[in-house]
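Below you'll find the structure, written out as structure tokens, and then a few comments.
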Amino acid sequence: MLELPHISDEFMHARIAAGHGYTLMLLRQGPRYGEEASRAVVWEHGRRNFALREAGLLAIVCPVTDDSEWCGIGIFTGSVEETIAIMADDPGVLAGVFTYEAHPVRGFPGSTLPG
């Protein structure tokens, strides 16, 4: 059986109060996904993701590695509107390789990816 630490109501209230708003971006295959020319576009999309990370605009980026229509998720530090403006200039979105959805989410102090 999985052993988990006890979490008190006080702990939960404190963490919830310290939460911060982010935007979850869900990236999926677009109509031009898989075309031969899309490889170069995907590479430039990745380069842009690195730049967004370095600029502090994209806190977490995770490519999806299965065979589904989903291509990745991103946690952006700005609002949904700011994220939509950023994604409007994404080379993969502009080329029709990707489509996306943006949703407001909350994160809590200490939430990180290990490694």
Side-chain angles (χ1 to χ4, degrees):
M1 176 158 202
L2 183 62
E3 294 286 330
L4 296 174
H6 172 74
I7 301 297
S8 69
D9 288 348
E10 293 78 16
F11 179 91
M12 287 182 59
H13 286 297
R15 290 296 173 108
I16 290 168
H20 180 75
Y22 297 94
T23 299
L24 170 66
M25 186 277 306
L26 303 166
L27 194 69
R28 75 165 38 125
Q29 295 175 7
R32 298 193 59 205
Y33 186 88
E35 292 180 4
E36 188 166 328
S38 69
R39 285 184 65 121
V41 173
V42 171
W43 184 254
E44 292 309 313
H45 161 82
R47 183 188 317 275
R48 188 163 185 269
N49 282 346
F50 279 107
L52 290 168
R53 283 268 307 122
E54 291 299 313
L57 300 170
L58 180 57
I60 296 175
V61 59
C62 297
V64 173
T65 59
D66 62 15
D67 292 329
S68 70
E69 68 183 23
W70 296 103
C71 299
I73 64 160
I75 305 290
F76 283 81
T77 58
S79 68
V80 169
E81 295 77 19
E82 291 165 334
T83 300
I84 289 170
I86 289 168
M87 292 304 296
D89 289 330
D90 182 89
V93 172
L94 289 170
V97 174
F98 301 121
T99 63
Y100 71 94
E101 299 174 15
H103 300 275
V105 297
R106 289 193 55 80
F108 303 104
S111 297
T112 62
L113 294 174

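All values below come from the heavy atoms of this structure, side chains included, with hydrogens, waters and symmetry mates left out. Positions are given from 1 along the sequence. Here the structure is a predicted model, which is why all the values come from computation and not from measurement.
- No donor-acceptor pair closer than 3.5 Å links the side chain of Glu44 to the backbone N or O of Gly92.
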Start with the C-alpha distance between Val41 and Glu35, add both sets of side-chain angles, then the distance that settles side-chain contact (heavy atoms from CB on, under 4.5 Å), and finish with yes or no.
-> CA-CA 10 Å; Val41 173; Glu35 292 180 4; over 6 Å; no
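- His20 NE2 to Ser111 OG: the interatomic distance, rounded to the nearest 0.5 Å, is 12.0 Å.
- Under a hydrophobic-cluster definition in which Ile, Leu, Val, Met, Phe, Trp and Tyr are linked whenever side-chain heavy atoms come within less than 4.5 Å, directly or via other members, Ile75 and Trp70 are assigned to the same cluster.
- By the criterion of side-chain heavy atoms lying less than 4.5 angstrom apart, applied directly or through intervening Ile, Leu, Val, Met, Phe, Trp or Tyr residues, Ile73 is not grouped with Leu27; the two fall into different hydrophobic clusters.
- Residues Thr23 and Val80 come closest through the heavy atom pair OG1-N, 3.1 Å.
- With values rounded to the nearest 0.5 angstrom, Thr77 atom OG1 is found 7.0 Å from Ile86 atom CD1.
- The cluster map of Ile, Leu, Val, Met, Phe, Trp and Tyr, joined by side-chain heavy atoms under 4.5 Å apart, puts Leu113 and Phe50 in different clusters.
- By the side-chain contact (heavy atoms from CB on, under 4.5 Å) test, Ile16 pairs with Phe108, sequence neighbours left out.
- Annotation for Asp66: atom CG counts as buried by contact number, over 12 foreign heavy atoms lying within 6.0 Å.
- Side chain to side chain, Asp9 and His13 fail the donor-acceptor criterion of an N or O pair below 3.5 Å.
- Heavy atoms of other residues, nucleotides or ligands lying less than 6.0 angstrom from CZ of Arg106 number more than 12.
- Residues Val42 and Cys71 form no side-chain contact, since every pair of their non-hydrogen atoms from C-beta on lies 4.5 Å or further apart.
- Cluster membership for Tyr22 and Leu24, using ILVMFWY side-chain heavy atoms within less than 4.5 angstrom, is shared.
- Side chains of Leu58 and Met25 form no contact here, defined as non-hydrogen atoms less than 4.5 Å apart.
- Taking each heavy atom of Ala18 and Pro109 in turn, the nearest pair found is CB-CG, 3.5 Å.
- Put simply, CD on Glu10 and CE on Met12 are 11.0 Å apart, with the number rounded to the nearest 0.5 Å.
- Ile84 and Leu57 fall within a single hydrophobic cluster, where Ile, Leu, Val, Met, Phe, Trp and Tyr are joined by side-chain heavy atoms under 4.5 Å apart, directly or via other members.
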What pairs of donor and acceptor atoms, side-chain ones from residues 93-102 against any protein atom, are under 3.5 angstrom apart with sequence neighbours left out?
unit_1 : atom_1 : unit_2 : atom_2 : d
Glu101 : OE1    : His103 : NE2    : 2.9
Glu101 : OE2    : Arg28  : NH1    : 3.4

